[in-house]
Number of protein chains: 2
Amino acid sequence: MSNQRKRKAKIGTSSIESEIFKSATSFSDQTLAQVNELLSIWGMTPLQYNALRVIYVEDKQDTGIPSKEIGSRLYTRVPDVTRLLDRMVDKGWITRERDKINKRVVRSRLTDIGMELVESAHAPLAELETKQLDHLSDDEKNALSTLLNKALNKALD
Amino acid sequence: MSNQRKRKAKIGTSSIESEIFKSATSFSDQTLAQVNELLSIWGMTPLQYNALRVIYVEDKQDTGIPSKEIGSRLYTRVPDVTRLLDRMVDKGWITRERDKINKRVVRSRLTDIGMELVESAHAPLAELETKQLDHLSDDEKNALSTLLNKALNKALD
DNA sequence: AAACAACAGTTGTTATAACAAGTATATGTC
DNA sequence: GACATATACTTGTTATAACAACTGTTGTTT
């Protein structure tokens with residue numbers, strides 16, 4: 001008489017693996033929301049900040065960093081680095097130039113503004129991250145870091 | 001003589017907290033990519049699957065689940081549940097109806113197709129998750145789950 | 001050195017996420 | 001019982017993510 005289909009029994013009790021994914025995702029999502037809010041002070045998104053930071057850290061010789069390397073060092077997949085960098089050029093944070101030797105490559109460098117942005121945001125971000133985890137002991141943080149890295153290495157196989 | 005600004009020394013060495021965020025984000029991003037690939041077989045996105053699963057699990061009485069509750073049970077922030085559900089109505093996976101008593105509330109229920117989708121995808125997803133972590137011992141998985149939850153609770157304060 | 005494959009970026013398109021403002025209903029207060 | 005406030009959802013708009021096809025350059029093979 002009812003049009004209600006019977007739901008299978010097994011769905012609903014979630015495995016330890018599911019719990020781990022759910023927690024890791026929630027954790028990174030919640031933290032990202034706070035990082036996003038903080039970075040909005042400077043008009044940056046987390047992705048833009050990360051790209052700036054990659055260039056800042058890697059481009060010691062001020063020769064510029066290829067788009068592909070920037071993409072590979074961001075810790076989420078980014079299918080469209082070109083337009084991510086386009087917007088950062090428009091904002092005056094980076095400059096781009098074709099590599100003279102390998103003309104396929106485009107190298108990005110920070111402008112003074114871009115450099116200042118990375119330096120301004122760094123300490124507040126570090127503080128936010130520390131605060132987020134200040135209820136964990138050093139042992140717990142080390143254990144968590146180790147376990148996440150172990151989990152991650154398989155994910156990247 | 002060079003127009004190169006001096007980069008501050010401190011940036012580049014990352015704290016244990018940064019490492020944790022980076023690993024957690026990479027881990028969930030990589031896993032999500034695989035989940036996305038798997039779910040694309042049925043034409044679902046991870047977010048859509050999660051919404052379907054929420055309704056499947058919560059709507060025991062087939063009275064429908066309010067949009068707000070669906071949103072709150074998804075483990076990422078979703079600012080636009082209405083249109084997420086719109087698309088699922090269009091695809092024939094759910095139906096929506098205004099609550100008779102509280103007319104502000106809209107309740108979503110699974111169609112037979114929606115129910116079949118959840119049931120079809122569940123086992124392959126569980127298998128994927130298990131495989132992703134099969135190089136961790138039970139103790140490690142339990143420890144990871146516990147630590148992530150502890151980290152998460154602060155993030156949600 | 002011509003042909004083919006690989007590589008690094010670019011561009012076009014569509015769908016979705018994010019943010020903000022708006023609408024209808026319900027609840028609380030005086 | 002009018003009025004302010006809160007709630008649940010909707011709608012409008014803009015920016016970005018995702019996917020695929022394409023261009024120009026370099027490397028490899030014969």
Side-chain angles (χ1 to χ4, degrees), chain A residues 25 28-30 32-41 43-51 54-55 63-91 93-109, chain B residues 25 28-30 32-41 43-51 55 63-91 93-108:
Chain A
T25 302
S28 67
D29 182 71
Q30 296 295 332
L32 191 65
Q34 297 194 32
V35 169
N36 185 61
E37 193 185 343
L38 176 59
L39 289 175
S40 69
I41 294 169
M44 286 185 279
T45 66
L47 191 54
Q48 289 170 342
Y49 173 78
N50 279 327
V54 166
I55 303 173
T63 53
I65 304 294
S67 306
K68 201 192 179 188
E69 187 178 344
I70 296 172
S72 71
R73 287 184 185 277
L74 297 172
Y75 40 82
T76 53
R77 295 153 300 133
V78 178
D80 191 356
V81 175
T82 300
R83 275 174 288 206
L84 170 64
L85 298 177
D86 282 349
R87 287 170 226 132
M88 290 167 49
V89 170
D90 291 345
K91 287 172 180 257
W93 300 343
I94 63 171
T95 58
R96 275 183 303 188
E97 218 174 331
R98 287 257 163 211
D99 189 298
K100 294 285 187 295
I101 297 156
N102 187 340
K103 288 177 191 160
R104 290 173 300 187
V105 172
V106 173
R107 294 182 167 276
S108 295
R109 292 191 294 176
Chain B
T25 302
S28 67
D29 182 72
Q30 296 295 333
L32 190 65
Q34 297 194 33
V35 170
N36 184 61
E37 193 184 342
L38 176 60
L39 289 176
S40 69
I41 295 169
M44 284 185 277
T45 66
L47 191 55
Q48 289 168 343
Y49 173 78
N50 279 326
I55 303 172
T63 52
I65 303 294
S67 305
K68 200 191 179 189
E69 186 177 346
I70 296 172
S72 71
R73 288 184 185 276
L74 297 171
Y75 40 83
T76 55
R77 296 154 300 132
V78 178
D80 193 356
V81 176
T82 299
R83 275 174 289 206
L84 170 64
L85 297 177
D86 282 349
R87 287 170 226 130
M88 290 167 49
V89 170
D90 291 346
K91 286 173 180 257
W93 300 342
I94 62 170
T95 57
R96 274 184 305 189
E97 216 174 331
R98 287 257 163 210
D99 188 299
K100 295 285 188 294
I101 296 157
N102 187 340
K103 286 177 190 159
R104 290 172 303 186
V105 172
V106 174
R107 294 182 167 275
S108 296

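These numbers come from a predicted model, not from an experiment. What's counted below: heavy atoms across the whole structure, side chains too, no hydrogens, waters or symmetry copies. Each chain gets a letter, A, B and so on, in the order the sequences are listed, and its residues count up from 1.
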Rounded distance (nearest 0.5 Å) linking atom CG of Asp80(A) with atom CG of Asp86(A): 8.0 Å

Side chains of Lys68(A) and Val81(A), heavy atoms from C-beta outward: is any pair under 4.5 Å? no

Rounded to whole Å, the CG-P distance (Leu39(B) to dT16(C)) equals 14 Å

Specify the separation, in whole Å, of atom CG of Asp90(A) and atom C1' of dA15(D). 13 Å

Given atom CG of Leu47(A) and atom C1' of dA17(C), what is their separation to the nearest angstrom? 14 Å

Asn36(A) side chain near dC19(C) phosphate (N/O to OP1/OP2, under 4.0 Å): yes

Between Pro66(A) and Ile101(B), which is nearer to the 5' end of DNA chain C once each is assigned its nearest nucleotide? Pro66(A)

Distance check needed: dT16(C) P versus Met88(B) CE, whole Å only. 12 Å

What distance do Leu47(B) atom CG and Met88(B) atom CE have between them, rounded to the nearest 0.5 Å? 8.5 Å

Enumerate the residues from residues 78-87 of chain A whose closest heavy atom to DNA chain C is under 4.0 Å, giving them by residue number; use none for an empty result. Asp80(A), Thr82(A), Arg83(A)

Between dT10(D) atom P and Arg98(B) atom CZ, what is the distance in whole Å? 5 Å

Between dA17(D) atom P and Leu32(B) atom CG, what is the distance in whole Å? 14 Å

Euclidean distance, Arg83(A) CZ relative to Asp90(A) CG, rounded to 0.5 Å: 12.5 Å

Considering heavy-atom distances to DNA chain D, does Asn102(A) or Lys91(A) have its closest nucleotide positioned more toward the 5' end? Lys91(A)

Is the backbone of Arg107(B) close enough, under 3.5 Å, to the side chain of Asp99(B) for a donor and an acceptor to pair up by distance? no

When rounded to the nearest 0.5 Å, the distance separating CZ of Arg96(A) from CD1 of Ile65(A) is 14.5 Å

Sugar-phosphate only, base, or nothing, as touched by Arg107(A) at under 4.0 Å among non-hydrogen atoms: nothing

Using the 3.5 Å cut-off, write out each protein N or O paired with an N or O of nucleotides 2-7 of chain C and the distance between them.
{"unit_1": "dC7(C)", "atom_1": "O2", "unit_2": "Arg104(A)", "atom_2": "NH1", "d": "3.4"}

Whether Ser67(B) contacts dA8(D) is assessed here as follows: a side-chain N or O lying under 4.0 Å from the phosphate OP1 or OP2. Is that the case? no

Side chain of Gln48(B) only, heavy atoms from C-beta on: which candidate in dT16(D), dT16(C), dA17(C) is closest? dT16(C)

Is a side-chain donor or acceptor of Glu69(B) paired with a backbone partner of Pro66(B) at a separation under 3.5 angstrom? no

What residues form a side chain to side chain donor-acceptor pair (under 3.5 Å) with Arg98(A), not counting sequence neighbours? none

Whole-Å distance separating the CZ atom of Arg96(B) from the P atom of dC9(D): 10 Å

Round to the nearest Å and state the distance from Asp29(B) atom CG to dA17(D) atom P. 12 Å

Which distance, rounded to the nearest 0.5 Å, do you find between the CG of Asn50(B) and the OG1 of Thr25(A)? 9.0 Å

